[in-house]
J.: 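Before anything else, here's the structure in question.
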Amino acid sequence: MSTDVQNIPIFPNEKSHIDVDSVTIRFAGDSGDGMQITGTQFTDASAIFGNDLATMPDFPAEIRAPAGTVAGVSAYQIHFSSQDIKTPGDDLNVLVAMNAAALKANIVDLEEGGILLIDEAGFTEKDIEKAEMKSNPLEDGSLAGYRVIKANITELTINAVKETGLKGKSAELCKNFFTLGMMYWLYDRPLNHTMKWLDEKYGARTKYKDKPEIAESNKRALTAGYNFADTVELFTSHYRVKKAALPAGKYRKVSGNEATVFGLLTASQKSGRPLFYGSYPITPASDILHGLSKYKNFGVITFQAEDEIAAIASAIGSAYAGGLGVTATSGPGICLKLEAMGLGVMTELPLIIVDVQRGGPSTGLPTKTEQSDLLMVMFGRSGDSPLPVLAAKSPSDCFAMAVEAARIALKYMTPVVLLSDGYIANGSEPWLIPDHGAIPAMETNLAVPVAGETFQAYARDPVSNARKWAIPGTPGMEHRIGGLEKARNTGSVAYDPENHQAMTNERHAKIAGIAKDIPLAEVMGDKDGDAVVVSWGGTFGTVSTAVEECLKAGLKLGHVHLNYLNPFPRNLGEILASFDQVIVPELNMGQLKMLLGGTFGIPIKGINQVRGKPFKVSFLASELHRILETQK
Amino acid sequence: MSTDVQNIPIFPNEKSHIDVDSVTIRFAGDSGDGMQITGTQFTDASAIFGNDLATMPDFPAEIRAPAGTVAGVSAYQIHFSSQDIKTPGDDLNVLVAMNAAALKANIVDLEEGGILLIDEAGFTEKDIEKAEMKSNPLEDGSLAGYRVIKANITELTINAVKETGLKGKSAELCKNFFTLGMMYWLYDRPLNHTMKWLDEKYGARTKYKDKPEIAESNKRALTAGYNFADTVELFTSHYRVKKAALPAGKYRKVSGNEATVFGLLTASQKSGRPLFYGSYPITPASDILHGLSKYKNFGVITFQAEDEIAAIASAIGSAYAGGLGVTATSGPGICLKLEAMGLGVMTELPLIIVDVQRGGPSTGLPTKTEQSDLLMVMFGRSGDSPLPVLAAKSPSDCFAMAVEAARIALKYMTPVVLLSDGYIANGSEPWLIPDHGAIPAMETNLAVPVAGETFQAYARDPVSNARKWAIPGTPGMEHRIGGLEKARNTGSVAYDPENHQAMTNERHAKIAGIAKDIPLAEVMGDKDGDAVVVSWGGTFGTVSTAVEECLKAGLKLGHVHLNYLNPFPRNLGEILASFDQVIVPELNMGQLKMLLGGTFGIPIKGINQVRGKPFKVSFLASELHRILETQK
Amino acid sequence: MSTNTTVGTGPISPEPLTRKDFASPTAIRWCPGCGDYSILSTMQGILPTLGIPKENFVFVSGIGCSSRFPYYMNTYGFHTIHGRAPAVSTGVKLTNPNLQVWVITGDGDALSIGGNHFIHALRRNMDLKIILFNNRIYGLTKGQYSPTSGVGTVSPSTPYGSVDLPLSPISMALGAEAGFVARTSDNDVKHMGEVFAAAAAYKGAALVEVLQNCVIFADKIHEPYYGRATRNDSLLYLKHGEPLRYGKELEKGLVLDKMTIKSKVGPAENEVIVHDEKDASGALAFYLSRLSHPEFPVPVGVFKNVERPSYYDAMRGQIDAAAAKNPPSLEKLFNSGSTWTVE
Amino acid sequence: MSTNTTVGTGPISPEPLTRKDFASPTAIRWCPGCGDYSILSTMQGILPTLGIPKENFVFVSGIGCSSRFPYYMNTYGFHTIHGRAPAVSTGVKLTNPNLQVWVITGDGDALSIGGNHFIHALRRNMDLKIILFNNRIYGLTKGQYSPTSGVGTVSPSTPYGSVDLPLSPISMALGAEAGFVARTSDNDVKHMGEVFAAAAAYKGAALVEVLQNCVIFADKIHEPYYGRATRNDSLLYLKHGEPLRYGKELEKGLVLDKMTIKSKVGPAENEVIVHDEKDASGALAFYLSRLSHPEFPVPVGVFKNVERPSYYDAMRGQIDAAAAKNPPSLEKLFNSGSTWTVE
Ligand SMILES: Cc1ncc(C[n+]2csc(CCOP(=O)(O)OP(=O)(O)O)c2C)c(N)n1
Ligand SMILES: Cc1ncc(C[n+]2csc(CCOP(=O)(O)OP(=O)(O)O)c2C)c(N)n1
Ligand code: SF4
Ligand code: SF4
Ligand SMILES: [Mg+2]
Ligand SMILES: [Mg+2]
């Protein structure tokens, strides 16, 4: 975070270790430059070293946009710290730019006086032109405000790997490891993890076994980069970011989509219901399909459907047949699933719909993040058709929320929407590996035949209001369900007025009743402050960090974060009423604002941004200051 | 309306004319009994006579449910009056029941002491059994509270038509006209209109020309029914409902779907844009497709698509090519159109989406009415994707609103949603035929090539914020549009953060700006009352009638009716703020309530009903009383 | 829990089932005289002969008059949404392979809104028995023309007559790689029963088109070729391995002239094309699906019947192999990839 | 306003168009080496030869790498949503028949999510030129298998190999009553140009499958049959009225054995089946679409080319007749049916 950079003296008189709390680095280069790998390696090394961290990749929208163009820039940001952190960082302390386009696209985020590491080989006239820049930034003085470190990394790399026999393009390809080596030196990270990784990926026991030069040359590039930084007077000093004081235990890194996969597999095991995943590929949700497809050993049935409608329809079919039916997609795909979601509501089947939100409307910004599907999943169905809506607050929270979504779906016999977003889905953070044994088994409503009793498909559990789940194949419980209005208890078709009112009420009561079964909302920060900030979903990290800063700065703010959007925690109304002002920051034009205002009939102040990116902590903090000042 | 029945003396001592203000009759029988025709004929006769009126058909969900069962009952209700009326009536003054099932299904609505006309032939043991009744209501005394008039209408009809040679089933089929004749006598209506109609439908110049007995026998049945009522001591008197003091002019009867058809044709003529109607059949919207298909002479292109997605997609294609693109459906179909609606929002093309709402969720109650799609059309798209939403308030208002929807779509280059519902779509009322010449021509944003200028697809009109409409085939304006985020002005693809925020703001500003171009909301009733009732769409008639009654009864109530749901009239916030309490009656679980609360941040009281039927005026009135009393 | 996650497998019911076991209490709401009735009773007659416990039958339908069918069967049933039955039943079957899943659909439900799911279920060889009630009209919505209505069909949505060419469900299915494709008619209960039985026996996606009469909106639409009077001269009953002959005394046959099929009276025995439902290419089947009345007879019976692995079996194979090689363990799952410990 | 409501008809542009006129300023964002490039340049080369004013061309696409195509053509273009291009273009064409509408789609866009619109556009004979870029993979979403991927395809969504049978776009189209069906390949620009020209000349729905290479996710997928080296032995160039011969010296041919097609080396002249793209049944075309490599050559060129009235013409006929008989009048419209007057 920008506050830490103060600790970096601009020109210390001798090479030494300098301790800093947190550092934010962004590796930026052409899609072909392997920046995602570089970033991931640095992240793993830092994680294993014991830092807390958060990461954020930024992919281009095209598969391979023309090399050297801004459209082709791929970046990976990591924020690592000796403190507990919740965001991938605002301003960059270090920007690595492998070519002109990468510089152009990312320089805005580099803090004043920040370190700018540049591969001169990426700044030829041709590169400048492809990046559509008027002049060469390395010469036109536009980089004055930064600590620019130039080196012809490409050339250095080629020399470093010469002896392996690798040359030309394939030699150049090692330059990202050379760069990584330099960063490892600068932040005092051990090389061994990456060395091991290279062996595992390209080593003797892989499909590259008869290409030993690949592993070898990358290892050499890594070491060469490290030594280069050490020997040459490039950096005036290097920095140390101490271990963070994380809760003891075994950790791994997870992205939101990975965590969702783990959560769904866990739910299947804990409920004893086979996991059926029907899906149609779409950015940024596809990785859930890819992830689950690997775990056939868990009996997971992954079905790549012909479209999103078939995807959810098949999941509903599975739920009807006794499976844990799941489907996932992003906004445009949700639009196509809404009719079938209505069928799920009417037939009261357990079903999970994951929405990994992206920038809209329409095809919008496929690779960018946003929180603008909330009202669609709440209301985007014909008729009054309520269903629970949950939202994960961070990459690792996707695990907990996926498990929770399944618990609610199975216990209450209802479709459940789980909202994620491109930012937490692709971002990653350390995850304290849970004790799988400690995760409780899940209740289901499986019906057991009662001799002499005719099965009533819509008779409800007195407590949960859930109907029974009579699975085809169970003798004596043959029954028919469907999308037409159901008669109370019997579940046969009914058109009469009283019944429709009664069933509509029952559907609402059932969902509303779930409030009794979810955690109360809690107020963080100042419980009797001047205002309460209400956030939801993936903005948790940035909002809570911003609120903490504001509290430090003396603002009186409470903060409530919502993982449950429908029903709301039952004490929410009370909490909001206890503050003079309610402020809702969200990455949309005011959707939770609409929901809270409409539910509680109170005025709300929104902080809204749709830039395809997470909030900047600094932006939120200043907005909160502005709002509270204007109050005075 | 129930209040009028006081005027009907229970047993007047001699046959005479008795004047009454308003009468509500419901014709109920088996689907095969021709009740819709009977009702329509009575309606036309009353309209031509000069009454004000409102009607409401009630179809069974099945094509031909088993004869004699409750599921097979078809009914037609007409409320006609010497006063200005806005609803088809609450309680019935007269119920015609052609069989036991029809009685069972409808008796609840007959007022105490109301007239019950019964065809004894429809009450055999078999009929009683098919209707699943325990005993014969004609004998078990359950009808004590009504003025029951029994006659073996079927037998009487068979005799009446004997001489035409018609016998058996086909003779029986004339019984609805016999019944109609009796009603004509009871309410003193001339037979000539129906006589004429029979000739036109079955006469010499129709496909029935070699079956003269059909027209003849129906005419005989009609006359026989009339004379039978006159001669036999069945009715103690007959009633007269004077002409209503309607504004002078030429009238016709229209249903909501007919009016929508007329409105769309008018919009096409007034804008000079070819009308393209892409649709997929669905109850209760299909009649718009059927209606428009007849008017090929207007150059209308009606396209029955393979599904709702193709229907709207084709309409978008037409809009892109310079047509007035229109699609219509009901709730389940809207679900399928939402993704494409988002494309319409992103590409800013003029498009009309008509939603004839029905009971939901899911397949729900296809033939019943509801207002529960409001939030879906407002919010049911990925990303923030605002579009105007209008709602018609009565059958004839569908004309005005369809024209208005087109005006807004063409002037502002945006998809527009027009909400109707099963009740106003199928219901009908007199329509003062407008002077087509007086309807203004419509502005469009057609682009004209400017020499030397490169066309900017997203450059906006300074006032309307609309972009220009450059139609394929126009030389020099070749350009590309699509669903990815657009760059400001140029309209090319853009992923950068600032642009996305800017375009999102522009899309919102454009729609919000329409508020400047629509009528202000007006307060009917008591402008400084204790509370304001806010209604929208098809409930206008019942709500305003109920408010009027409450005002008569001394309640201090204002009433605002909304034809515009997005944007709201610009003075709405102010109006709501000027009342202590806001009450929103709607045929859903609280959708406008959510919208108003979320928009204005104020508490709202809802009166909600989902029974597949319109409100009863009496129910609304008592609810309003209850709410205002509890305030005191 | 085991990975062989099939659920609710019922025991074989003790005494043999009868037609009565499949009659549901629900009152039937089709129009008097609707062709759907005979299809229903044929189905109720066939199921008891299949030796499958009643609780293992599932009927899944879309929306339409035909799609009300499941309500009238006393089995598990799911009346889903318009056009989606093949997709819903895919989930049913993949989750519980012990079920015999019948998809009931109409010409609009299957070929108009549901066209995409229809072709993909066939292509994947999902183990579903798809019965397509082809009345060449939209019944439930009161008579609009459908994708199988002939050119010039006058309907509420086409008062001037329809202009688009109809689809042949059979050609469509063959083009979509279907492995079992057959046609039968609502007025020939015996033949219908045989075809249903053959479909039930097929391992994979079986499509059966039933020529069905809608008395209200398209009455007698199939009469010209399937009317009892003319039937023998206008229907061709397909029998595997037998010559393609038709006519009262089977005096007519289909013969080949270069690459084109001709109808010939009194052809020589070896001249008549022999039906081969096992032809994997489906080329003959496709050709037969193009024959149109009155120039040609209308083939009924099994057009194509070619074994290939069902989607489920192939998928199950992968699952079982994976599970055997690497039994499911959350412990292992959570700890996969690189981990580190914080003391 | 008149009822002949076609809009924006541009004048024939004065001097002849050239390839340059169709190159758009937008930077192309396909991967280096992608097969899409040659399709783009072939299209830019063909359009000027059609004698149609530039402003009357419209390119409509869905979503996918291939669907970025319209951005690279300096014509009117609409990059719609996934799978819906045939439906959107239907509205474009019906509203303005003067436009020549090209639909650009991929194997996923056209046959997976867009399958239903694809078959109905063909069946209706909408006047659209549909170019299907078949790279047998989902490119834009990073390589999942598609409905045309072979069984066993290993992809991110099928790490154990795909189990479902692929569709043949050609068989599919024929099953959907398409009137013009052809195949060509991205590495044979001359042939591609001829096929595009033939499609442009066809009045109605024309489908062209282009065998396209995705260098990133399915590189060399078509190589076995269309590789320059082996091509002559593994591609069969369809020519109407000519014998179905192939091989370097055309030494091989397709011959008929009962109802089955065999490949034979050195067949007798009259023994070889003669191609007939005018066969209305499409039976031979369908048969040819079933031939699979390596047992058979892969036919390229026009499979079927049969004239029939386009949807637009039929519809227009009805509109014009109706308008002639009864010119549009709001006055008459409002006053139709029974009316009454209140003084
Ligand atoms: C999403 C959706 N669109 C449209 C409808 C209306 N609809 C119900 S059934 C039907 C067509 C039925 O025709 P078919 O499938 O041939 O069945 P049939 O009634 O002829 O047996 C239509 C258009 C619907 N219920 N849902
Ligand atoms: C409604 C919707 N679902 C899914 C996607 C994601 N998506 C975009 S393109 C595509 C498949 C593209 O494959 P193909 O049509 O073969 O085109 P290619 O990229 O191979 O040229 C998918 C699944 C989307 N954009 N919209
Ligand atoms: S409308 Fe036609 S298909 Fe539907 S039930 Fe009646 S007869 Fe059968
Ligand atoms: S991913 Fe494949 S199809 Fe897409 S642009 Fe690259 S090479 Fe072409
Ligand atoms: Mg049908
Ligand atoms: Mg592809």
Side-chain angles (χ1 to χ4, degrees), chain A residues 44 47-48 50 193 246-253 262 265-266 269 272-274 276 278 295-301 303 305-307 309-310 313-323 325 339-340 343 347 433-434 436 471-484 492-493, chain C residues 1-11 13 24 26 53-56 58 60 63 70-71 73-81 84 87-96 98-99 116-117 120 315 318-319 322-323 325-328 330-331 333-343:
Chain A
D44 292 351
I48 291 165
H193 167 77
L246 296 167
K250 195 166 172 200
Y251 284 79
R252 62 166 292 155
K253 203 184 49 167
F262 292 172
L265 290 169
T266 304
Q269 294 290 307
R273 298 286 95 213
F276 179 96
Y295 297 110
K296 286 209 188 293
N297 59 318
F298 279 79
V300 185
I301 303 167
F303 172 64
E306 55 271 26
D307 60 24
I309 299 175
S314 62
I316 289 175
S318 175
Y320 173 67
E339 187 201 8
L343 177 66
T347 53
I433 298 173
H436 68 92
I471 292 171
T474 318
M477 294 199 148
E478 292 80 2
H479 68 286
R480 276 70 53 196
I481 59 173
L484 288 164
S492 50
V493 175
Chain C
M1 108 198 202
S2 105
T3 67
N4 194 332
T5 47
T6 65
V7 284
T9 316
S13 30
S24 105
T26 319
K54 179 174 150 207
E55 62 273 14
N56 283 3
V58 180
V60 181
I63 302 285
Y71 290 123
M73 295 290 303
N74 190 13
T75 62
Y76 282 94
F78 199 166
H79 180 223
T80 69
I81 45 180
R84 319 305 173 187
V88 172
S89 20
T90 290
V92 173
K93 182 66 187 183
L94 293 181
T95 302
N96 186 345
N98 300 325
L99 303 173
N116 205 32
H117 313 305
H120 284 280
M315 175 196 82
Q318 296 184 337
I319 289 181
K325 186 143 146 284
N326 174 10
L330 289 178
E331 171 103 51
L333 175 72
F334 295 166
N335 290 278
S336 57
S338 60
T339 63
W340 66 94
T341 309
V342 172
E343 273 75 22

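Proteins get letters first, then strands, A, B, ... in listed order; numbering begins at 1 in each.
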J.: Looking at side-chain heavy atoms only, is the closest gap between C:Thr95 and A:Pro274 below 4.5 Å?
T.: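 The answer is yes, as the side chains (C-beta and beyond) meet within the 4.5 Å cut-off.
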J.: Looking at C:Thr90, C:Val60, C:Thr75, C:Asn326, which makes the most heavy-atom pairs under 4.5 Å with chain A?
T.: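 Top count of heavy-atom pairs under 4.5 Å with chain A: C:Thr75.
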J.: Report, one line per pair, each donor and acceptor closer than 3.5 Å where one atom sits in a side chain of residues 333-343 of chain C; sequence neighbours left out.
T.:
{"from": "C:Asn335", "atom 1": "OD1", "to": "A:Lys250", "atom 2": "NZ", "distance (Å)": "2.8"}
{"from": "C:Asn335", "atom 1": "ND2", "to": "C:Glu331", "atom 2": "O", "distance (Å)": "2.7"}
{"from": "C:Ser336", "atom 1": "OG", "to": "A:Arg252", "atom 2": "NH1", "distance (Å)": "3.2"}
{"from": "C:Ser336", "atom 1": "OG", "to": "C:Leu333", "atom 2": "O", "distance (Å)": "2.6"}
{"from": "C:Trp340", "atom 1": "NE1", "to": "A:Ala47", "atom 2": "O", "distance (Å)": "3.2"}

J.: Minimum heavy-atom separation for C:Val92 and A:Tyr320, please, with both atom names.
T.: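 Smallest interatomic distance, heavy atoms only, reads CG2-CD2, 4.1 Å.
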J.: With respect to chain C, which residue among A:Ser318, A:Gly482, A:Ala248 yields the maximal number of heavy-atom pairs within a distance under 4.5 Å?
T.: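 It is A:Ser318.
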J.: Would you check if A:Arg480 and C:Asn74 make a side-chain contact, meaning some heavy-atom pair closer than 4.5 Å?
T.: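 Counting from C-beta outward, A:Arg480 and C:Asn74 do come under 4.5 Å.
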J.: Can you tell me how far apart OG (A:Ser314) and NZ (C:Lys93) are? Round to the nearest 0.5 Å.
T.: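 The distance works out to 15.5 Å.
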J.: Would you mind checking which part of A:Pro247 comes under 4.5 Å of any heavy atom in chain C, side chain (CB onward), backbone (N, CA, C, O), both or neither?
T.: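 The backbone, not the side chain.
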J.: In terms of heavy-atom pairs under 4.5 Å, which option from C:Gln318, C:His120, C:Met315 contacts chain A the most?
T.: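 Top option by heavy-atom pairs under 4.5 Å: C:His120.
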J.: Do A:Glu478 and C:Lys54 come close enough that some side-chain heavy atom pair is under 4.5 Å?
T.: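 They are in side-chain contact.
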J.: Between A:Ile471 and C:Tyr76, what is the shortest heavy-atom contact and its length?
T.: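 Residues A:Ile471 and C:Tyr76, closest heavy atoms: O-OH, 3.4 Å.
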J.: Determine the minimum heavy-atom distance between A:Asn297 and C:Pro328, stating which atoms define it.
T.: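 It is O-CD, 3.5 Å.
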J.: Would you indicate whether the side-chain heavy atoms of A:Ile481 and C:His79 approach each other to under 4.5 Å?
T.: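 No, every pair of side-chain atoms sits at 4.5 Å or beyond.
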J.: Between A:Phe262 and C:Leu330, is there a side-chain heavy-atom distance shorter than 4.5 Å?
T.: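 SC-SC contact between C:Leu330 and A:Phe262 ruled out.
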J.: Grab the two heavy atoms, one from A:Val300 and one from C:Ile319, that are nearest each other, plus how far apart they are.
T.: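 Of all heavy-atom pairs spanning A:Val300 and C:Ile319, the closest is O-CD1, 3.6 Å.
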J.: Quick one: what part of A:Ala319 sits under 4.5 Å from any heavy atom of chain C, side chain, backbone, both or neither?
T.: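 No part of it gets close to chain C.
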J.: Roughly how far, to the nearest 0.5 Å, is the CG atom of A:Asp307 from the NE2 atom of C:His117?
T.: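 One gets 5.0 Å once the value is rounded to the nearest 0.5 Å.
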J.: Which bit of A:Leu246 is near chain C, if near means a heavy-atom gap under 4.5 Å: side chain, backbone, both or neither?
T.: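 For A:Leu246, the contact with chain C is made by backbone and side chain together.
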J.: Using non-hydrogen atoms and a 4.5 Å limit, figure out which bit of A:Ile433 sits close to chain C: side chain, backbone, both or neither.
T.: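 Just the side chain, heavy atoms under 4.5 Å.
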J.: Hey, could you give me the CD1/CD1 distance between A:Ile316 and C:Ile81, rounded to the nearest 0.5 Å?
T.: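 Here the interatomic distance stands at 6.0 Å.
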J.: Using non-hydrogen atoms and a 4.5 Å limit, figure out which bit of C:Thr80 sits close to chain A: side chain, backbone, both or neither.
T.: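 Looking at C:Thr80, backbone and side chain both touch chain A.
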J.: Quick check on A:Ser492 against chain C: is it the side chain, the backbone, both or neither that has a heavy atom closer than 4.5 Å?
T.: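 Neither part; nothing is under 4.5 Å.
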J.: Let's test your reading of the structure: which of A:Gly278, A:Gly50, A:Pro434 forms the most heavy-atom pairs below 4.5 Å with chain C?
T.: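 When all of A:Gly278, A:Gly50, A:Pro434 are compared, A:Pro434 has the most.
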J.: Quick one: what part of A:Tyr251 sits under 4.5 Å from any heavy atom of chain C, side chain, backbone, both or neither?
T.: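 Both backbone and side chain of A:Tyr251 come within 4.5 Å of chain C.
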